[in-house]
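Below: one structure, written as structure tokens.
Read the numbers this way: they start at 1 and go in the same order the structure lists the ligands and their atoms.
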Amino acid sequence: MHTPELAAYAVSAINSRGRNYPDAQPSHRSDFQRDRDRIVHSTAFRRLEYKTQVFVNHEGDLFRTRLTHSLEVAQIARGIARALRLNEDLAEAISLAHDLGHTPFGHAGQEALNNCMHAHGGFEHNLQSLRTVDLLEERYAAFDGLNLCFETREGIVKHCSLENARRLGELGERFLKRTQPSLEAQICNLADEIAYNNHDVDDGLRAGLITLEQLAEVGLFAQHVAAVRALYPGLGGRRLIHETTRRMINALVCDLIETTASNIARHQPQDVAAVRLAPPLVAFSDDLRQAQRNMKRFLRTHLYQHYQVLRMASKAQRIIADLFVAFTANPRLLPPQYQLPAEGDQARRVADYIAGMTDRYAIKEHRRLFAIGES
Ligand code: MG
């Protein structure tokens, strides 16, 4: 589909590197709209609803899940992409797919699975997202996976080790040559940060694990909460928090758009190839980058390392490790569709099975394997 309004440095269907398997041109939608549609219809996408980032799914109905997180990332990324005349459909597709490979139980689960896979090539969630869209989804007659465009797949692999990059072929080249992905991919990366910093503040306050008083030490929060209080003296509770986080998100998004626009104006990339060779052009100003860093440090200290979060994380790690040990010791415990002939890479297959689990499925499966009287 012709999209004349895109900037010369945007990715378009015309300059796309295409798909691995030939696929007929879609009618009435662009290739990147089709990628987005395939992602939304995938099984892995639906599972995001029951996977978490920081809090475990059963702890409350109002916390972010990976699904709502991915929607927030897509919303932020699309706004930024459109303002810069970049490919909004591509930004949306990457955002919706970026967490598809995440294990149950957020970072705790990813760490545990990576430890389990140490002797078998490790486990990286970005690569697992790629593996999901390239291989694991079983939906189409002609190919495994979703057969997405190169640029969507490139955006999904935010980072990876050099060793893995060598195995990825064309997709891994940029890590070896130290070049950049498309501007749309760069946007998704920072939209992810904007989304999780802000929703973790919101969820952390809701859970009572962090307080407004503690957050006063974070410059970005202090500045915007003061602005809200000046406008609405006496405002408290949920409205005060939301009026503050919406201002923080807006400030970050506007800063990112303005800083990126001026980087583009300075470097004048004429096309996507020039974008790849330029330094990263999507960026915050120095002030806001520092502000984001301070916020992250605050969240690490006060939320991610809160003893209640750590307790849940340690339970989660035990569940993942137990499942991995049981399944690799006896692959016949796996559901038949996950069993491989004896010479296959059983550990990777077990990792695929575990990574695909939702939080509650992992808890259930653990009970089924270890609790006498459960089946
Ligand atoms: Mg994310």
Considering only N, O or S atoms of [X], the one closest to the Mg ion (ligand 1):
{"X": "Asp99", "value": "OD2"}
{"X": "Asp192", "value": "OD1"}
{"X": "His69", "value": "NE2"}
{"X": "His98", "value": "NE2"}

Taking the basic N atoms (NZ, or NE/NH1/NH2) and the acidic carboxylate oxygens, is any pair closer than 4.0 Å for [X] and [Y]?
{"X": "Asp144", "Y": "Arg131", "value": "no"}
{"X": "Arg34", "Y": "Asp37", "value": "no"}
{"X": "Arg46", "Y": "Glu49", "value": "no"}
{"X": "Asp35", "Y": "Arg153", "value": "no"}

Task: Exam field: side chain Gln305 to backbone His302, donor-acceptor pair closer than 3.5 Å - done: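 Flag not set: sc Gln305 to bb His302 has no pair under 3.5 Å.
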Open item on the list: Looking at the Mg ion (ligand 1), is there an N, O or S atom belonging to His102 that lies under 2.8 Å away from it?
Closed with: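 So His102 does not count as coordinating the Mg ion (ligand 1).
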